[in-house]
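Only one structure is covered here, and it is reproduced in the block below.
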Number of protein chains: 4
Amino acid sequence: MGTSGRQGPAGAEGRRARRHDPQRRTRILDAALEVLVADGVAGITHRKVAARADVPLGSVTYHFASLADLLAQAFAWYVGQRTAEYEALFTEVATRADLIEILVDLVQAGPSRHRGAVLGFELHLAALRDPALRALTHEWTRASRAVLARLTGPETAARLDALLEGMIMHALLSTEREPREETRAAIAQTLGPAAVGPGA
Amino acid sequence: MGTSGRQGPAGAEGRRARRHDPQRRTRILDAALEVLVADGVAGITHRKVAARADVPLGSVTYHFASLADLLAQAFAWYVGQRTAEYEALFTEVATRADLIEILVDLVQAGPSRHRGAVLGFELHLAALRDPALRALTHEWTRASRAVLARLTGPETAARLDALLEGMIMHALLSTEREPREETRAAIAQTLGPAAVGPGA
Amino acid sequence: MGTSGRQGPAGAEGRRARRHDPQRRTRILDAALEVLVADGVAGITHRKVAARADVPLGSVTYHFASLADLLAQAFAWYVGQRTAEYEALFTEVATRADLIEILVDLVQAGPSRHRGAVLGFELHLAALRDPALRALTHEWTRASRAVLARLTGPETAARLDALLEGMIMHALLSTEREPREETRAAIAQTLGPAAVGPGA
Amino acid sequence: MGTSGRQGPAGAEGRRARRHDPQRRTRILDAALEVLVADGVAGITHRKVAARADVPLGSVTYHFASLADLLAQAFAWYVGQRTAEYEALFTEVATRADLIEILVDLVQAGPSRHRGAVLGFELHLAALRDPALRALTHEWTRASRAVLARLTGPETAARLDALLEGMIMHALLSTEREPREETRAAIAQTLGPAAVGPGA
DNA sequence: TATGAATGAGTCTTCATTCAT
DNA sequence: TATGAATGAAGACTCATTCAT
């Protein structure tokens, strides 16, 4: 609880001045994402972000017009990173088996994917109510499917995308991990028997 | 603030004194669910719930020890209702085609399912951070799968469950409806070729 | 925090009905004193008292017209007991040495006197602001001094009374106990060289 | 409520905007002490302090992390002032008679000492329950005794300290003033026959 | 350009008290 | 006679945002 980084005299525990700090903007965005992972959209505040970024409170409101703005930019920043990662993930895929293995990893990765999964769901839910964010989710969904679609065709990509989303949510919430074999079978089934590859 | 303007002696418009009011508790729970649909866990407050239930603010805190408590009970109340509905949905299913049609409806129902879908995702996300809610999501997932599993066997039920969840989320977020035929094909594929029914 | 005895549905942990309960009034008074020891005048509430007395909240407001009334009656109840005890304490005193020993015990009794000392100071401080309570402190002071005065004469009694009060407060607040010899010397000095006894 | 009616855009009577306001912190501390004198620890609230300091409510919570924090700092601020005063009081003391006269004044000063005496007892009582405050009372007691001890030696200083405390409390509570001669005799007795002075 | 100070609205929660039964 | 339910007022505290420097 506000141990560190409280602003204002009430708890002025040091933080040396750091004038001239390029990439402060992105440090704040990263901090915002961390807060989102920890506390969700329901729990994000300027103060928490400032504390985590180790910048003064005023710096956050200076760089971002409002909390909603900060949220939108943070999500956009995240989606941008994520999309690149996602694309990179499939560049080496040559065979159907390669693809399956990568998708199984995606679902099973567990704690390491936690951050990504949580942010994804937070964004989805926020977008449900904020049209400004919806543009982002649309573009993200489109991009994800496009990546898959290059390997599987569009219908299968859409199905896969839905299946993966559902499985990841379940994995996130269940205490015991689903057997890897089970995950693989579900993906393989959805993928269908067809060959896979940029030329498919 | 104050859609119906409570609090403060000035402005005593509306709302008759309602001293003896049984089922006030459930009215509050219903109001809480409405607020959750409208504003999410991120936006629920005692005040909004009180206004929507048309009860004084103090009444909400009287019946529920904390906002977290109210949330938990509202979700539990919802899951209880939902589970019953869900089970009822499948009692008449006799053939594979019946099942598919019902599941397609589930995904496509659109605005009418909006409420249910939003509450479901809100609960999932909240459960991610609150272990107390996790018990609820576990039980819910278990029950949903059990219903499906009676018709399809456990593995298929799990896959279907994930697929449906993903498709519903996407349906919720996308502006244009996916063609019904597409949804049906995805479900049919996941269901596999096997027969369906209590004896399957 | 309100673990036990919370009233109202929010935390309705059992407490069997106990119709017809004579001396409920005094049970409530005793509970009020316990709360005063624990949390002070600053922290007493109907609810805490009810919880500690294991009676319904309504019972407290039923038996006592207001919290101030409860407070006043609790203090009066306490002073009554205390005065009797105090008088009893000195009935056996025959010599100057007896008296000194008893007074040293009074100051040094430590934790066992904690309750009494705390209540005494709470009452004194409350009386500072509430004239209704002042009658009580006057009477108490008068009675205490009268008891001592029978053995020492009025001037010495007043001095002793002040000294004891100060020493008890200090004992209450300091971490290490003052040497018994020190306490004895201070009392002996204030008592003066004169003989002691009902006939003094 | 609201002596000076803050909060709420309606009713913006009085109080000029005072953006830059150094020593606001100490104004708040002084206001807190005034509230403590008037209503005690039991009655202090952010609102009362804000009203008395003539600052907005938010300003109090901005400068002090919690009410307990405000209380602690206010008491510390008071003890600091008080200790200095107390020391100054005895710098001129040359003879036993000087010392006695000053101490008698201390006890008898009546209404003018009211503030000091009340704050002292409030602090003592609060310290009984809050270890953080206990550090303050220890230091205060130590300092007071040290000042006396320079003139009387340590044992006598401790006795005097207790006697004074008790007498002041009684003076505070009784309606009629004790004869000055009585007070003087008690102090003289406790002081003993010895000479007094820095060299004593 | 940055930022510490400031503030008003609103949040959850507690509570004395009232009242219908 | 008791008491569970109810409620309005107020409490501590948080926070988005504004502003002077």
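Computation of the quantities below employed the complete heavy-atom set of this structure, encompassing side-chain atoms and omitting hydrogens, waters and symmetry-equivalent molecules. Order of the sequence lines sets the chain letters (A, B, ...), proteins ahead of strands, with each chain counted from 1.
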Check your understanding: Just checking A:L70: base, sugar-phosphate only, or nothing, at a heavy-atom cut-off of under 4.0 Å?
Key ->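 A:L70: no heavy atom of the nucleic acid under 4.0 Å.
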Check your understanding: Can you pull the side chain to side chain donor-acceptor pair (under 3.5 Å) pairs that have at least one residue in residues 37-46 of chain B, sequence neighbours excluded?
Key -> B:D39-B:K48
Check your understanding: With sequence neighbours left out, which residue pairs that include part of residues 124-135 of chain B fulfil the side chain to side chain donor-acceptor pair (under 3.5 Å) condition?
Key -> A:E122-B:R129, B:H124-B:E165
Check your understanding: To the side chain of A:T45, which of F:dA16, F:dG4, E:dT13 is closest?
Key -> F:dA16
**Study point:** Side chain of D:H46 (C-beta onward), nearest among F:dT17, F:dA12, F:dC15
**Key:** F:dA12
State which residues pass side-chain contact (heavy atoms from CB on, under 4.5 Å) with [X]; sequence neighbours excluded, sorted by chain then number.
| X | result |
| --- | --- |
| B:A76 | B:L136 |
| A:A31 | A:V49, A:R52, A:A53 |
| B:A42 | A:V41, A:A42 |

Check your understanding: How would you list all residue pairs meeting salt bridge (Lys or Arg N to Asp or Glu O under 4.0 Å) that involve residues 57-76 of chain C, not counting sequence neighbours?
Key ->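 Pairs touching residues 57-76 of chain C that pass the test: none.
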Point to revise | side chain to side chain donor-acceptor pair (under 3.5 Å) partners of A:S59, counting only residues at least two apart | key: A:R24
Practice item. Tell me which residues in residues 59-67 of chain A put a heavy atom below 4.0 Å from DNA chain E, sorted by number, or none. Key: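 Heavy-atom cutoff 4.0 Å gives A:S59, A:Y62.
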Revision key, fill the gap. In DNA chain F, consecutive runs of at least three Watson-Crick or G-U pairs below 3.5 Å, as range with range, amount to E:2-21 with F:2-21
